[in-house]
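Structure first, then comments.
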Amino acid sequence: MSESPILTARHGRVGFINLNRPAQLNALNDALMDALGEALLSLDQDPDIGAIVITGSDKAFAAGADIAVMADWTYMDVYQSGFITRNWETIRQVRKPVIAAVAGYAMGGGCELALACDIIIAAESAKFALPEIKLAMLPGAGGTQRLPRAVGKAKAMDMCLSARMLNAEEADRYGLVSRVVPDAELQTSALKLASQVASYSLPALMAIKESLNRAFEGNLSEGILFERRELHARFASEDAHEGMHAFLDKRPPEFTHR
Ligand code: DAK
């Protein structure tokens, strides 16, 4: 029996998903993307989970779409089966914060998967690239859209047109990742960050994630209006009242995620 393409674990209110095709540097195939989507949706629906971490191995977060599988596909194969759309975009449905903990290669679809997460925390060994041009392909899982939003047009064009690979320090400087940590500390740092996030009120986290993502969807006025309505909605939550009263009472809040 073949090994599961992902492994899952729970640490308190954090759900961990480990991509698990080490011999192929976690190259993304349908079995892996189906399992990842299923795990993400299951954790998203679990009331005892407040944040999710996706990680890979020491050598690779994921080296991209599985080239061995794609090499002989035809246009009709990918068009009719809805390649990418069918199961790569499940992550967009997740309403809880998702953190990518990246060590080693995050290339092609692997880099795009990290970009689809809400926060990227990188080990010093992390390397980011969209090298599809070398295969006469193009980034097709959101890379041409999310990368320029993260690093700006000039850097994104450079990476996509020349296949330039960024190391962790460059990725940090360009705003692709939010923090860089020593390799040995990646998992503990990701867990610490995710645990902190997950300790906050879940509906507030979801509202922040949804509001922030709006910044990349529409114009400023609409975004501000959306944010204002989300803020008003906080006054209907028990946690917001608890948070403010706890501050005034000089005690830690006890959130019920309601
Ligand atoms: N797919 C399949 N196998 C891969 C792979 C990949 N992406 N990356 C690595 N592997 C396999 C290697 O073939 C090798 O297998 P064996 O020979 O041992 O059987 C094993 O993993 C170890 O790799 P290497 O021996 O190459 O390891 P190195 O340390 O020497 O090099 C590397 C590491 C990451 C620099 C190198 O493996 C590499 O360049 N890998 C390919 C990276 C890449 O080009 N990624 C982009 C893939 S294309 C689409 C939408 C989206 C996409 C496509 C279509 N449509 C809507 C139609 C997305 C495309 C991509 O992501």
Side-chain angles (χ1 to χ4, degrees), residues 2-7 17-37 40 54-93 98 100-117 120 122-151 155-171 176-177 180 183 186:
S2 63
E3 211 179 340
S4 171
I6 63 158
L7 303 173
I17 301 175
N18 220 124
L19 309 182
N20 187 42
R21 298 187 73 213
Q24 295 81 22
L25 304 186
N26 292 330
L28 308 170
N29 62 8
D30 265 345
L32 189 153
M33 295 313 288
D34 283 343
L36 175 62
L40 283 168
I54 303 177
T55 194
S57 69
D58 293 348
K59 180 159 184 197
F61 177 72
D66 192 325
I67 300 168
V69 172
M70 289 192 300
D72 295 321
W73 279 352
T74 65
Y75 171 77
M76 274 308 154
D77 291 333
V78 295
Y79 178 71
Q80 292 197 341
S81 70
F83 177 49
I84 306 284
T85 314
R86 181 180 67 239
N87 52 3
W88 287 50
E89 294 183 330
T90 310
I91 194 164
R92 294 180 62 191
Q93 298 170 35
V98 182
V102 176
Y105 296 106
M107 295 177 69
C111 184
E112 293 174 298
L113 174 60
L115 282 166
C117 296
I120 304 176
E124 284 166 349
S125 68
K127 299 174 214 31
F128 298 87
L130 289 175
E132 285 86 345
I133 188 62
K134 288 187 179 174
L135 307 172
M137 300 284 276
L138 79 157
T144 65
Q145 304 305 302
R146 292 197 181 97
L147 187 65
R149 283 169 165 83
V151 303
K155 299 274 192 276
M157 281 286 187
D158 189 353
M159 286 178 72
C160 291
L161 297 179
S162 75
R164 177 182 176 192
M165 189 182 283
L166 300 186
N167 63 31
E169 187 271 320
E170 290 168 318
L176 179 57
V177 308
V180 178
D183 279 62
L186 179 66

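Positions are given from 1, in the same order as the sequence printed here. Atoms within each ligand, like the ligands themselves, are counted from 1 in listed order.
- Between L40 and I17 there is a side-chain heavy-atom pair separated by less than 4.5 Å.
- Residues of the protein with a heavy atom under 4.0 Å from ligand 1 are A23, Q24, L25, A27, K59, A63, G64, A65, D66, I67, M70, F83, I84, Y105, M107, G108, G109, P131, E132, L135, M137, G140, listed by chain and number.
- Judged by distance alone, with hydrogens and angles left aside, the side-chain atoms of N167 form a donor-acceptor pair with the main-chain N or O of E169 at under 3.5 Å.
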Only distances under 3.5 Å count here; give the side-chain donor-acceptor pairs of residues 55-68 to other protein atoms, sequence neighbours excluded, each with its distance to 0.1 Å.
{"unit_1": "T55", "atom_1": "OG1", "unit_2": "A101", "atom_2": "O", "d": "2.9"}
{"unit_1": "T55", "atom_1": "OG1", "unit_2": "Q187", "atom_2": "NE2", "d": "3.1"}
{"unit_1": "S57", "atom_1": "OG", "unit_2": "K59", "atom_2": "N", "d": "3.2"}
{"unit_1": "S57", "atom_1": "OG", "unit_2": "A60", "atom_2": "N", "d": "3.0"}
{"unit_1": "S57", "atom_1": "OG", "unit_2": "A60", "atom_2": "O", "d": "3.2"}
{"unit_1": "D66", "atom_1": "OD1", "unit_2": "A68", "atom_2": "N", "d": "3.0"}
{"unit_1": "D66", "atom_1": "OD1", "unit_2": "V69", "atom_2": "N", "d": "3.4"}
{"unit_1": "D66", "atom_1": "OD2", "unit_2": "R21", "atom_2": "NH1", "d": "2.9"}
{"unit_1": "D66", "atom_1": "OD2", "unit_2": "R21", "atom_2": "NH2", "d": "3.3"}

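- Put simply, the side chain of E124 never gets that close to the backbone of A168: no donor and acceptor are under 3.5 Å apart.
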Taking only distance into account, with no hydrogens and no angle test, what donor-acceptor pairs under 3.5 Å do side-chain atoms of residues 75-83 form with protein atoms, sequence neighbours excluded?
{"unit_1": "D77", "atom_1": "OD2", "unit_2": "T74", "atom_2": "N", "d": "2.9"}
{"unit_1": "D77", "atom_1": "OD2", "unit_2": "T74", "atom_2": "OG1", "d": "3.2"}
{"unit_1": "S81", "atom_1": "OG", "unit_2": "D77", "atom_2": "O", "d": "2.7"}
{"unit_1": "S81", "atom_1": "OG", "unit_2": "R86", "atom_2": "NH1", "d": "3.1"}

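- Partners of N29 under the side chain to side chain donor-acceptor pair (under 3.5 Å) rule, at least two apart in sequence or in another chain, do not exist in this structure.
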